[in-house]
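All values below come from the heavy atoms of this structure, side chains included, with hydrogens, waters and symmetry mates left out. Chain letters run A, B, ... following the sequence lines, proteins first and then strands; every chain starts at 1. Just so we're clear, the structure is a prediction, and the values are computed from it rather than from any experiment.
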Amino acid sequence: MVIDVELLRSDPAKVEENLARRRNPAYLELLARVREKDSLWRVSVREADRLRAARNALGQQIAAARKEGRPVDEMVGASRSAPAALDAAAEAEGRLRRERDDLLRRLPNLLDPSVPYGKDDTENVVVTTWGTPTEPRGPDRPHGEALEALGFAEFERGRRASGAGFYYLRGPLVLLDLALQRFALDLLVARGFTPVVPPFLLRREPYEAVTDLADFEKVMYKIDGEELYLIATSEHPLAALYQGEILDEGSVPLRLAGLSTNFRREIGGHGVDQKGLFRVHQFAKVEQFVFCRPEESTAIHEELRANAEEVFRRLEIPYRVVNVCTGDVGTVASHKYDVEAWFARQRGYREVVSCSNCTDYQARALGIRLGKAGKPGKVVPHTLNSTAVATPRALVAIVEQYQRADGTLEVPAVLRPYLDGRDTLGG
RNA sequence: GCUGAGGUAGCCUAGUCCGGCAAGGCGCCAGCCUUGAAAGCUGGUGGCGGUGACGCCACGGGAGUUCGAAUCUCCCCCUCAGCGCCA
């Protein structure tokens with residue numbers, strides 16, 4: 001996760017102006033420190049290179065002399081004093097480069113000009129609203145209670161077995177969960193996406209390239225005794241799929257539909273309506289992920305957003321789309337839309353989709369470039385990701401809207417083909 | 001888990017025993033040749049710094065020995081094969 005150091009040198013004012021929009025003075029200070037370290041490093045490189053050149057020249061003289069059978073002791077003696085100065089210069093060069101890179105990695109991605117200026121999620125800008133907010137038809141109770149009453153979920157026993165945030169799904173709800181996944185996957189496949197089931201565990205190295213380091217320890221589950229992490233979303237292993245490779249220009253835009261279980265520590269935030277499935281440590285998600293040329297990413301961002309909207313439109317769940325503001329957009333994304341579905345019982349819009357254009361920020365850190373066969377290029381592709389459906393939260397929206405007065409659960413019409421045509425679950 | 005073999009440029013490979021400018025092939029680019037193309041021939045084809053000439057770096061990563069490390073020593077990472085265990 002790095003921005004282009006070349007840009008810091010060629011147009012620092014542009015970078016500074018962009019970072020300023022994030023309303024965090026620490027970034028500007030960070031930028032100044034990166035630039036200072038970079039200047040010092042460039043000086044140190046020249047000095048270290050000069051000493052290395054001298055050493056190499058002497059080494060070659062020794063080699064040549066030895067080859068011709070001339071005595072070399074004198075020359076070896078003379079070059080014996082060289083290492084101390086060189087070691088010091090090389091140490092300084094390496095240290096400055098590491099310091100610069102450590103600081104550089106902490107700089108967030110550059111924001112797209114269309115990102116609205118604002119301090120937090122209250123200042124996100126609504127760009128689209130679809131459907132009319134509905135009233136709950138069923139008993140006025142949180143979805144968790146409704147699901148337990150139907151025998152569709154076990155929250156108490158889930159907590160006992162694995163702790164808060166874990167749950168058992170059972171019976172028809174399992175089938176409904178799978179129906180949602182298959183529905184979203186089919187929709188994406190019809191639009192040119194290739195389904196991918198990625199590894200659910202990822203090494204630290206690629207993980208650091210694709211996420212915000214500051215969030216890392218708060219969000220990720222680590223495997224004890226291994227440098228492996230449970231994935232928080234299939235976005236991460238999908239981004240790492242072509243780590244260190246040259247992507248053929250002819251193969252992009254490359255549209256992938258990730259299907260995975262995701263694991264998040266999600267510390268904090270548990271109100272009454274968040275109990276149950278709203279905020280959990282483990283959930284299934286169908287994800288859209290794209291590698292593309294830089295000039296395509298803005299249009300593809302809209303395409304991913306349209307796909308995500310289509311999922312909820314076909315489920316007939318009202319939603320709105322917000323353009324996430326500068327203070328809420330996060331480190332990795334250059335531009336982000338959230339789709340917020342209508343939750344009938346909560347009488348409010350809640351986030352169900354996050355749709356991001358990460359530009360070259362992830363791909364550069366992963367060492368991915370575009371090129372033709374046999375000819376690697378310098379252009380770094382853009383990566384984009386968007387939820388298609390994260391099932392637990394979608395299930396909550398469905399329960400809040402589709403539960404009937406008698407407590408049974410109506411199946412959204414679009415999911416019935418995946419449930420042997422059934423239109424009702426429970427009862 | 002045990003044993004063994006490996007990691008060299010976009011790809012494939014040599015060099016490692018015995019330390020001295022990383023050789024060759026494929027692909028790609030350009031030029032020559034050609035009516036055109038292919039073949040053939042010639043040159044080029046990584047990263048960093050430098051306006052530039054040029055220099056430095058790069059053989060999985062790190063440390064060490066040495067005037068000098070792809071090559072010797074140590075630590076670590078990863079891959080593959082065989083055996084074992086296992087859904």
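Less than 6.0 angstrom separates the ring centroid of A:H301 from the ring centroid of A:Y337.
Across all strands shown, B:C18 has no partner, as no Watson-Crick or G-U wobble contact with both distances under 3.5 Å is found. Of all nucleotides present, only B:G82 satisfies the Watson-Crick or G-U wobble test against B:C2, with each distance under 3.5 Å. Under the Watson-Crick or G-U wobble criterion, with both distances below 3.5 Å, B:A38 is left unpaired in every strand shown. Across all strands shown, B:G64 forms a Watson-Crick or G-U wobble pair with B:C72, both key distances being under 3.5 Å. When both pairing distances are held under 3.5 Å, B:G55 makes a Watson-Crick or G-U pair with B:C48.
In this structure, A:R97 reaches neither bases nor backbone, as no heavy-atom distance under 4.0 Å exists between it and the strands shown. If you check every strand for non-hydrogen atoms under 4.0 Å, A:R203 touches sugar and phosphate atoms only. At the heavy-atom level, A:I62 lies under 4.0 Å from base atoms of the strands shown.
Rounding to the nearest 0.5 Å gives a distance of 12.0 Å between CD of A:E235 and CD of A:Q288.
Comparing the C1' positions of B:U8 and B:G15 gives a spacing of 10 Å, expressed to the nearest Å. Distance noted for atom P between B:A23 and B:A30: 25 Å (whole Å). Rounded to whole Å, the separation between the C1' atoms of B:C11 and B:C59 comes to 16 Å. Atom name P, nucleotides B:G84 and B:A70: the rounded distance is 41 Å, in whole Å.
Side-chain atoms of A:R369 stay outside donor-acceptor range of the base of B:G10, with no qualifying N/O pair under 3.5 Å.
Rounded to whole Å, atom P of B:G47 lies 10 Å from atom CD1 of A:I246.
A:L178 has its side chain within reach of A:Q181: a pair of non-hydrogen atoms, C-beta onward, lies under 4.5 Å apart. Within the 4.5 Å cutoff, no side-chain heavy atoms of A:P294 are placed close to those of A:D360.
Which of B:G20, B:G55, B:G49 sits closest to the side chain of A:R66 comes down to B:G20. Here the nucleotide nearest the side chain of A:K375, chosen from B:C57, B:C28, B:G55, is B:C28.
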